[in-house]
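The structure appears right after this line, and notes come after that.
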Amino acid sequence: MKKKVISVCFALLILYCLLFPRQMAASVTGGLALWYRSILPTLLPFCVFSAIIVRSGIYDRIFEKLYPVTRILYPVRAPLIYPVITGFLFGFPLGSKICADLYASGKVSSKEAELACCISNNFGPAFLYNYLSVGVLGGEIPAALLFAACYLPPLLTGRVLLAAANRSSRTKSFRLSGQESAAAPPPSVPGKTKTASRSQLNMKIIDAGIMDGFTTMIKLAGYILLSALLADLLKRIPWDSSLFPCICIGATEITNGLRQIPLLPANLPLRAALAVGMVGFGGISGLLQTNAMMKATGFRLGCYVCFKLFCSLTGILLLLALLPFC
């Protein structure tokens, strides 16, 4: 079924490109301009630096020292501190990229990488304030309320899931410890590489970090291009109302969907709820980008979609509950 849906979407995109070459060129230009002006200069340096830090071993020494302080604020293991913080500060999809790097270096398990990706894969505060609060909603809603509606659901939901995963892991370890002999060596984790005991930094690691950063940016450019074409195709359909196409476009690609919200003949609570819902979900483009970043970790896209949908709905309810008091 999934393959059929993907095949139909690509067939429609090819047909659209053949029938509307000028519109196709304009949408591709807009998508690549967004990538070149906003995403590339913002995320590329952090992608390169993160890859170098994780590969060099400096990562372990820094966050082991920070762990006694950060565990009081949020109970994650020391290797997961970095993706959680950077995901919220610098925005999607840097959190998922760092989680994938940590898994590849053997610092976290597949389950930990998946949970940390769900928690940290959000849009940064600069995007929420400049684009969402000021640009889309015209500053009519306090930015603090929007931040709470977008950030509290993944933080609280992730904390609950992490606690459940830790309890399950401890129970499993306790059961296995009664079955294994004391002389048996601990089992190795398949697919993981051993990390160096000492930190090291050389040109080979730097070169690999640079190449990894540019490869990530090229992947993002491709997904942004495809989502821009699909969003423009949806705009060409003669809809009976303006609300449904806005939701469809926002579910496909968030920036195009948010641009449609100020054009709706709707009241402020509805416009704000639509905006928070789109940001919480992240769009199909965001799902595909995340899947591309996490592909080597055993990432389960269905679980990630359920997490984002739950956070989106929770954020809308939180916004509507607190809006009358603002």
Is there side-chain contact between [X] and [Y], with at least one heavy-atom pair below 4.5 Å?
X	Y	result
Pro93	Leu43	yes
Thr314	Thr157	no
Phe46	Thr86	no
Tyr103	Ser110	yes
Tyr129	Phe147	yes
Phe88	Leu94	no
Leu102	Tyr82	no
Leu234	Pro245	no

Shortest non-hydrogen contact from [X] to [Y]?
X	Y	result
Ala292	Tyr223	CB-CE1, 3.5 Å
Pro41	Trp35	CD-O, 4.2 Å
Cys17	Leu229	SG-CD1, 4.2 Å
Ala116	Ser120	O-OG, 2.7 Å
Asn121	Ser96	OD1-N, 3.3 Å
Ala228	Asn256	CA-ND2, 4.5 Å

Measuring from [X]:[atom1] to [Y]:[atom2], what's the distance to the nearest 0.5 Å?
X	Y	atom1	atom2	result
Leu270	Leu320	CG	CG	9.0 Å
Leu155	Tyr74	CG	OH	5.0 Å
Leu318	Leu313	CG	CG	12.5 Å
Tyr151	Leu146	OH	CG	10.5 Å
Ile141	Leu132	CD1	CG	8.5 Å
Leu243	Leu274	CG	CG	6.0 Å

Ser133 and Leu128: side-chain contact (heavy atoms from CB on, under 4.5 Å), yes or no, with the steps? CA-CA 6 Å; Ser133 178; Leu128 291 185; over 6 Å; no

For the pair Ile224 and Leu32, evaluate side-chain contact (heavy atoms from CB on, under 4.5 Å) and give the outcome as yes or no after the intermediate values. CA-CA 7 Å; Ile224 290 172; Leu32 292 180; over 6 Å; no

Do the side-chain N and O atoms of Gln289 and Ser285 include a donor-acceptor pair separated by under 3.5 angstrom?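 The answer is yes; a qualifying pair exists.
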
Does any donor atom in the side chain of Tyr304 or Asn291 lie under 3.5 Å from an acceptor atom in the other side chain?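 Checked: Tyr304/Asn291 side chains show no N/O donor-acceptor pair below 3.5 Å.
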
Any sub-3.5 Å donor-acceptor pair from Glu112's side-chain atoms to Ser109's backbone N or O?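 A pair under 3.5 Å: yes.
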
Under 3.5 Å, side chain of Ser27 to main-chain N/O of Met24, donor-acceptor pair present?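 Confirmed, Ser27 side chain pairs with Met24 backbone.
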
Quick one: do [X] and [Y] end up in the same hydrophobic cluster if we chain Ile, Leu, Val, Met, Phe, Trp and Tyr together by side-chain heavy atoms under 4.5 Å apart?
X	Y	answer
Val28	Tyr16	yes
Leu288	Met294	no
Tyr131	Val134	yes

Check against side-chain contact (heavy atoms from CB on, under 4.5 Å), Cys246 and Ile261: CA-CA 7 Å; Cys246 176; Ile261 291 178; 3.9 Å; yes

Identify each donor-acceptor pair in which a side-chain atom of residues 207-222 lies under 3.5 Å from a protein atom, sequence neighbours left out, and give them as a table.
residue: Asp212; atom: OD2; partner: Lys97; partner atom: NZ; Å: 2.3
residue: Thr215; atom: OG1; partner: Met211; partner atom: O; Å: 2.8
residue: Thr216; atom: OG1; partner: Asp212; partner atom: O; Å: 2.9

Given Arg271 and Glu140, is the salt bridge (Lys or Arg N to Asp or Glu O under 4.0 Å) satisfied, shown in steps? CA-CA 11 Å; Arg271 288 187 283 117; Glu140 298 182 74; 3.8 Å; yes

side-chain contact (heavy atoms from CB on, under 4.5 Å) between Phe123 and Ile254: does it pass, once the steps are laid out? CA-CA 11 Å; Phe123 291 89; Ile254 184 171; 3.6 Å; yes

Taking it one step at a time, do Thr255 and Glu253 satisfy side-chain hydrogen bond (donor to acceptor under 3.5 Å, both in side chains)? CA-CA 6 Å; Thr255 55; Glu253 202 278 318; 2.5 Å; yes

